[in-house]
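Notes to accompany the following structure.
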There are 4 protein chains.
Amino acid sequence: MGAAGRPKSDKARRAVLAAALELVKDHGYAALTIEGIAARAGVAKTTIYRSWPSKAAVVMDAVFVESDPRLSFPDTGSAREDLRLQISRVATLFTEPGFGKPFVGLLAESQHDPALADALHQWLITARRAGAAEVLRRGVERGELRADLDTDVAIDALYGAIYYRLLVSHQPLSAQYARTVVDEVFVGLRAREDI
Amino acid sequence: MGAAGRPKSDKARRAVLAAALELVKDHGYAALTIEGIAARAGVAKTTIYRSWPSKAAVVMDAVFVESDPRLSFPDTGSAREDLRLQISRVATLFTEPGFGKPFVGLLAESQHDPALADALHQWLITARRAGAAEVLRRGVERGELRADLDTDVAIDALYGAIYYRLLVSHQPLSAQYARTVVDEVFVGLRAREDI
Amino acid sequence: MGAAGRPKSDKARRAVLAAALELVKDHGYAALTIEGIAARAGVAKTTIYRSWPSKAAVVMDAVFVESDPRLSFPDTGSAREDLRLQISRVATLFTEPGFGKPFVGLLAESQHDPALADALHQWLITARRAGAAEVLRRGVERGELRADLDTDVAIDALYGAIYYRLLVSHQPLSAQYARTVVDEVFVGLRAREDI
Amino acid sequence: MGAAGRPKSDKARRAVLAAALELVKDHGYAALTIEGIAARAGVAKTTIYRSWPSKAAVVMDAVFVESDPRLSFPDTGSAREDLRLQISRVATLFTEPGFGKPFVGLLAESQHDPALADALHQWLITARRAGAAEVLRRGVERGELRADLDTDVAIDALYGAIYYRLLVSHQPLSAQYARTVVDEVFVGLRAREDI
DNA sequence: GGCTAACCGAGACGGTACGTCCTGTCTTGAG
DNA sequence: CTCAAGACAGGACGTACCGTCTCGGTTAGCC
């Protein structure tokens with residue numbers, strides 16, 4: 001019964017992903033087209049459409065191959081240090097043109113593409129956020145963090161600051177900035193505990 | 001010398017802005033086209049190109065007419081309360097479809113359009129951020145906030161949390177959520193001052 | 001020397017020809033595609049390409065199986081009657097959708113495909129025309145037809161009328177019409193022999 | 001109310017028709033594509049689609065500009081002579097590559113395109129055939145042709161012979177051949193009036 | 001009865017053209 | 001001098017087939 005058929009060519013797949021990344025790096029996400037990727041990769045348009053439903057899917061595939069391992073959470077015994085380390089690495093990753101440019105493009109496109117938004121959510125939230133929540137939970141357990149801490153909101157504030165710079169204020173990101181964010185949010189704004 | 005000429009029709013201008021807003025509300029920012037706006041407004045494409053350089057400019061023009069007054073900063077004597085009030089209003093504004101949808105579309109497009117990014121920056125940062133900084137400055141002066149507070153980073157964290165929900169995690173926004181963000185960031189994460 | 005291998009499957013062959021004929025009948029020759037035939041026949045495209053060089057070859061193969069015996073020339077002793085009979089059968093055959101539709105399609109395609117044109121020519125001219133010429137020759141011998149008759153031109157006129165209706169004027173064909181053509185051409189146009 | 005709009009460019013129109021004719025002459029009707037015409041004419045595809053519904057319509061437009069005057073019927077006082085003259089001119093026209101090749105392509109395509117078939121019919125039948133019928137009518141009136149002549153069938157036979165050579169047997173056409181057809185059909189096949 | 005080559009289905013591949021949509025520019029005529 | 005109308009060159013879209021190319025799986029026919 002079952003179907004055999006010629007297996008998908010890994011050469012073609014790699015050529016497409018490489019071409020997509022190069023084109024984003026060189027001309028920006030907005031200028032990316034399926035036709036352009038096909039031409040650059042020396043591949044037929046149909047080959048792309050057979051494997052990916054949109055240019056966003058191609059870029060996601062290309063971008064999220066290598067980034068995974070770099071974003072895991074450490075366990076140093078200090079929640080503040082764990083956050084400093086991981087968020088620094090996130091900020092650094094975002095400044096690398098090979099990642100930052102396509103990633104911002106994907107975030108932009110995901111605003112009108114629910115499927116893409118879901119895929120990014122899966123990758124960003126389900127995977128990363130669970131790690132962050134775990135770090136905070138350990139901190140609370142150790143008595144390092146407030147017992148009544150609202151974990152979700154804390155994560156929003158910490159990562160929100162990074163994404164705010166990336167997407168809204170477009171100010172430069174750096175590992176140093178990431179560390180400052182962690183420290184400021186860690187300590188809070190108020191002058192004395194009784195306020 | 002010669003004749004007076006016909007002045008730009010304000011009727012046409014208003015028709016364009018109204019059509020643009022309706023189309024964004026009905027079909028989303030991504031589906032917006034200059035041709036569509038022109039057709040809906042009963043106006044020639046030329047008329048739009050004569051007054052705005054891009055569809056983003058039309059939408060900005062349409063969206064930022066009314067929002068100004070709603071986002072000013074109060075001065076209640078408490079920085080925490082001032083922030084709660086203003087950030088709540090921001091969160092509420094973002095949930096209104098007549099503002100939130102086009103605004104998110106503009107933020108998305110601004111990722112590839114530096115001119116639009118500048119225009120949004122002008123509006124979002126220069127104007128709003130100065131108000132937030134003033135609130136924090138007053139809080140420090142009053143001894144309500146830490147003297148060594150990094151104002152910029154604090155603002156990134158507070159507003160970042162809101163934008164993070166809007167653009168990245170796509171979780172629902174509300175005035176209540178905004179207030180929680182202010183309170184959590186105000187107090188900080190740590191359990192005791194000596195950490 | 002070497003091994004035997006598996007012979008071509010006659011089941012596949014018949015499935016292809018049947019599928020092609022059905023598709024032409026149902027959707028017309030123009031809508032016929034190799035992919036469509038393969039799908040309908042439950043056969044791989046490769047199987048078709050292995051046996052036929054083009055969709056025209058498939059259709060020719062399918063159409064010219066059964067038509068042969070119906071188009072032979074009788075020998076009644078009267079050239080006029082022989083022609084009436086055979087041309088009537090031709091006209092009738094052309095009106096049958098199972099033959100007429102694919103045949104017209106082949107004639108159309110043969111206008112740009114010399115190989116197909118040759119194949120059709122082989123079938124139509126070499127085979128049929130020889131029979132018609134023989135009928136006319138017998139008629140001349142018997143003194144029934146003019147001794148100085150231009151056989152080729154006579155055949156062109158007789159069959160031309162049929163093909164003209166089929167391909168150019170698209171008026172309906174019938175056995176009755178065929179008989180009228182034979183009679184009119186037989187007698188000629190002129191009122192009296194001395195013109 | 002009324003629309004003004006930019007008028008269609010006659011330059012573009014002429015460029016398209018000229019390009020189409022050249023391409024048919026050089027590479028044949030089958031190889032003709034809208035994209036090819038657009039490229040050759042230095043025109044956008046949309047410009048072609050705006051004015052013509054298909055490549056056939058372009059070719060018809062291109063081919064039928066000049067042919068009209070050449071195909072009118074003379075009135076010499078002799079039906080045989082009138083037919084000889086006009087059918088000779090038809091045969092000659094068909095041999096000119098600038099007309100014959102595109103015309104055969106159109107006839108081929110009209111077999112699957114009813115709209116095109118109608119348009120050709122309009123041009124070929126309604127216009128030309130009326131002229132032929134008139135010639136025959138005059139011949140009958142003068143006593144030159146049989147009173148009981150079936151005009152339609154006679155026309156089918158005369159022109160059918162020409163089209164048969166053009167489309168089916170692909171034998172060469174010439175003015176001489178056309179004249180022979182007229183003469184043979186005029187006299188008929190039979191040896192003596194009493195058959 | 002086991003080998004083995006040819007044939008089969010499936011379907012991915014590099015291509016070409018399709019007809020559509022939208023872009024931003026231009027050219028009219030009416031007001 | 002501005003407007004609605006709409007034609008223009010251009011570029012990308014996603015689709016349909018083309019004819020070629022691997023793939024396993026399946027049959028014959030010969031040892």
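Order of the sequence lines sets the chain letters (A, B, ...), proteins ahead of strands, with each chain counted from 1.
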Got a sec, which residues hit side-chain contact (heavy atoms from CB on, under 4.5 Å) with [X], two or more places apart in sequence or on another chain?
X: His170(B); answer: Ser110(A), Gln111(A), Ala117(A)
X: Thr33(B); answer: Glu35(B)
X: Val43(B); answer: Ala12(B), Val16(B), Ala41(B), Thr47(B), Ile48(B)

What pairs meet the salt bridge (charged side-chain N to carboxylate O under 4.0 Å, His left out) rule with one or both residues in residues 15-28 of chain A, with sequence neighbours excluded? Glu22(A)-Arg40(A), Asp26(A)-Arg40(A)

Considering only residues two or more places apart or on different chains, which pairs with a residue in residues 104-124 of chain D satisfy salt bridge (charged side-chain N to carboxylate O under 4.0 Å, His left out)?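 Sorted pair list comes back empty.
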
Nucleic acid contacts of residues 24-34 of chain D, taken as heavy-atom distances under 4.0 Å to DNA chain F: none

Close residues, residues 37-50 of chain A, relative to DNA chain F [heavy-atom separation under 4.0 Å]: Lys45(A), Thr46(A), Tyr49(A)

Set of residues satisfying ring-ring contact (aromatic ring centres under 6.0 Å, His included) with respect to Tyr29(C), sequence neighbours excluded: none

Can you list, pair by pair, the side-chain donor-acceptor contacts under 3.5 Å of residues 56-63 of chain D, counting residues two or more places apart and other chains?
unit_1, atom_1, unit_2, atom_2, d
Asp61(D), OD1, Arg13(D), NH2, 3.0
Asp61(D), OD2, Arg13(D), NH2, 3.0
Asp61(D), OD2, Trp52(D), NE1, 2.8

For Trp123(C) and Phe64(C), take the angle between the two ring planes, folded into 0 to 90°, and tell me which bin it lands in: parallel under 30, tilted 30 to 60, perpendicular over 60. parallel

Under the salt bridge (Lys or Arg N to Asp or Glu O under 4.0 Å) test, residues paired with Lys55(A) that sit two or more places apart: none

Under the rule for salt bridge (Lys or Arg N to Asp or Glu O under 4.0 Å), what residues qualify as partners of Lys101(A), not counting sequence neighbours?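 Result, salt bridge (Lys or Arg N to Asp or Glu O under 4.0 Å) vs Lys101(A): none returned.
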
If an axis is fit to five pairs at each end of the helix from dG1(E)-dC31(F) to dG31(E)-dC1(F), what is the angle between the two, to the nearest 10°?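 The angle separating the two end axes equals 10°.
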
Would you kindly compare Gly36(A) and Pro7(D) by the position of their nearest DNA chain F nucleotide and give the one closer to the 5′ end?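 This one resolves to Pro7(D).
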
